[in-house]
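One structure is given below, encoded as structure tokens.
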Amino acid sequence: MRIVLVADAFPPMRTSAAVQLRDLTREFVRQGHQITVMLPDAELRDEWQVEDFAGVEVLRLRALQTKDVNHVRRTLAEFMMPLVMMHRLRKSPLADVRWDGVIWYSPSIFHGPLVRWLKTRSACRSYLIVRDIFPEWALDVGLLHRGLPYLFFRAVARYQYAQADTIGVQTPGNRIYFTNWERQPGRRLEVLQNWLAEPPNTQCSIDVSKTKLAGRKVCVYAGNMGVAQGIDVLIDLADRLKTRDDVGFLFVGRGSEVGRLAEVVTVRGLNNVLFHEEIDPDEIPDLYAQCHVGLVALDPRHKTHNIP
């Protein structure tokens with residue numbers, strides 16, 4: 001089969017989405033399918049770029065910057081993203097390709113128009129991988145209120161869901177949110193749990209024995225540190241254990257809350273906490289091998305988002 005995968009994350013990005021999509025495409029290749037990843041890229045100088053990634057065809061289409069910008073600018077850029085991608089695609093060598101299936105990954109919630117266009121032109125079925133029930137989680141944690149912005153984002157998300165023949169959610173708890181969507185004829189909802197390929201044996205660039213946490217039992221959090229994760233509860237835990245010289249906390253990754261959390265640690269004078277920028281995902285197993293406790297966090301105000 002010839003399949004197109006629409007996303008906004010793929011290597012060399014180091015996010016969990018990029019790693020999962022890398023491993024998914026590798027599995028498609030292993031099974032003999034022809035897979036094309038189609039994604040926006042704000043760093044491109046040309047309108048499009050085609051590259052080979054270990055047998056995976058990657059089509060990068062120049063688009064506006066959506067990462068590390070303010071909320072208003074990001075919203076406008078993501079709203080324009082599918083239209084810009086369609087325009088660039090028409091000028092690329094893949095303009096006339098017909099697909100046997102369309103898969104896309106959310107976030108972002110704005111891929112709907114592009115997916116509809118690809119699906120209609122190829123008369124094929126579509127599969128949506130949902131890993132972010134937005135804007136519901138933003139409403140839960142108080143990032144949005146029931147005003148015009150929320151209604152706008154909800155309309156965009158519902159339009160995206162309407163383009164899917166099948167939706168794969170992350171946990172059984174997510175199914176409730178899609179009850180009405182599933183009732184429509186021809187639609188299928190399933191739990192598609194997260195996946196990872198067997199990682200290579202890669203040495204980690206972080207040597208815990210050479211940090212201030214050396215000799216301690218290390219509790220590690222590796223991943224995104226944004227509003228949705230509610231990392232403050234782990235900082236509070238470190239604060240309660242600050243008199244213990246045998247326990248330390250290591251936070252590895254990036255996110256909108258990293259700067260604020262680091263400032264909180266400094267203000268509280270927590271010598272048992274260490275922050276480190278994100279590392280290559282292939283280094284994670286070796287990082288964990290140096291630590292003792294893995295930490296997972298999610299803001300307790302969530303009602304719809306990834307609750308098991």
So, using side-chain contact (heavy atoms from CB on, under 4.5 Å) as the criterion, who are the partners of Val252 when residues are at least two apart? Ile206, Ala222, Leu250, His276, Ile279, Leu287
Salt bridge (charged side-chain N to carboxylate O under 4.0 Å, His left out) contacts touching residues 89-99 (sequence neighbours left out): Glu47-Lys91
Results of side-chain hydrogen bond (donor to acceptor under 3.5 Å, both in side chains) for Arg187 - residues two or more places apart only: none
Identify each donor-acceptor pair in which a side-chain atom of residues 143-156 lies under 3.5 Å from a protein atom, sequence neighbours left out, and give them as a table.
from, atom 1, to, atom 2, distance (Å)
Tyr150, OH, Glu136, OE1, 3.2
Tyr150, OH, Glu136, OE2, 3.0

Can you name the residues that form a side-chain contact (heavy atoms from CB on, under 4.5 Å) with Thr202, not counting sequence neighbours? Pro200, Asp282, Glu283
Arg30: what forms a salt bridge (charged side-chain N to carboxylate O under 4.0 Å, His left out) with it, not counting sequence neighbours? Glu27
Name all residues meeting the salt bridge (charged side-chain N to carboxylate O under 4.0 Å, His left out) criterion together with Arg175; count only those two or more places apart in sequence or in a different chain, and write none if there are none. Glu182
Other than Ile176, which residues form its hydrophobic cluster under the rule that side-chain heavy atoms must be closer than 4.5 Å? none
Please tabulate, for the side chains in residues 188-197, all donor-acceptor contacts under 3.5 angstrom to protein atoms that are two or more places apart in sequence or on a different chain.
from, atom 1, to, atom 2, distance (Å)
Arg188, NE, Glu190, OE1, 3.4
Arg188, NH2, Glu190, OE1, 2.9
Glu190, OE2, Tyr127, OH, 2.5
Asn194, OD1, Gln20, NE2, 3.3
Asn194, OD1, Arg131, NE, 2.8
Asn194, ND2, Gln170, OE1, 2.7
Trp195, NE1, Gln20, O, 2.8

By side-chain contact (heavy atoms from CB on, under 4.5 Å) - contacts of Pro93 (at least two apart): Trp48, Val50
With Pro285, which residues qualify under side-chain contact (heavy atoms from CB on, under 4.5 Å), at least two apart? Pro199
More than 12 heavy atoms from other groups under 6.0 Å of CD on Glu263: no
Glu57 bridged to Arg2 by N-O distance under 4.0 Å: yes
Among all residues two or more places apart in sequence or in another chain, which pass the side-chain hydrogen bond (donor to acceptor under 3.5 Å, both in side chains) test with Asn180? Arg183
Looking at every non-hydrogen atom in both residues, tell me the closest pair between Phe110 and Met81 and how far apart they are. CB-CE, 4.3 Å
Measure centre to centre between the rings of Phe53 and Phe10, then say whether the value is under 6.0 Å. yes
Can you confirm whether Arg244 is buried at CZ, in the sense that more than 12 heavy atoms of other residues, nucleotides or ligands lie under 6.0 Å from that atom? no
Does Lys212 NZ have over 12 foreign heavy atoms under 6.0 Å away? yes
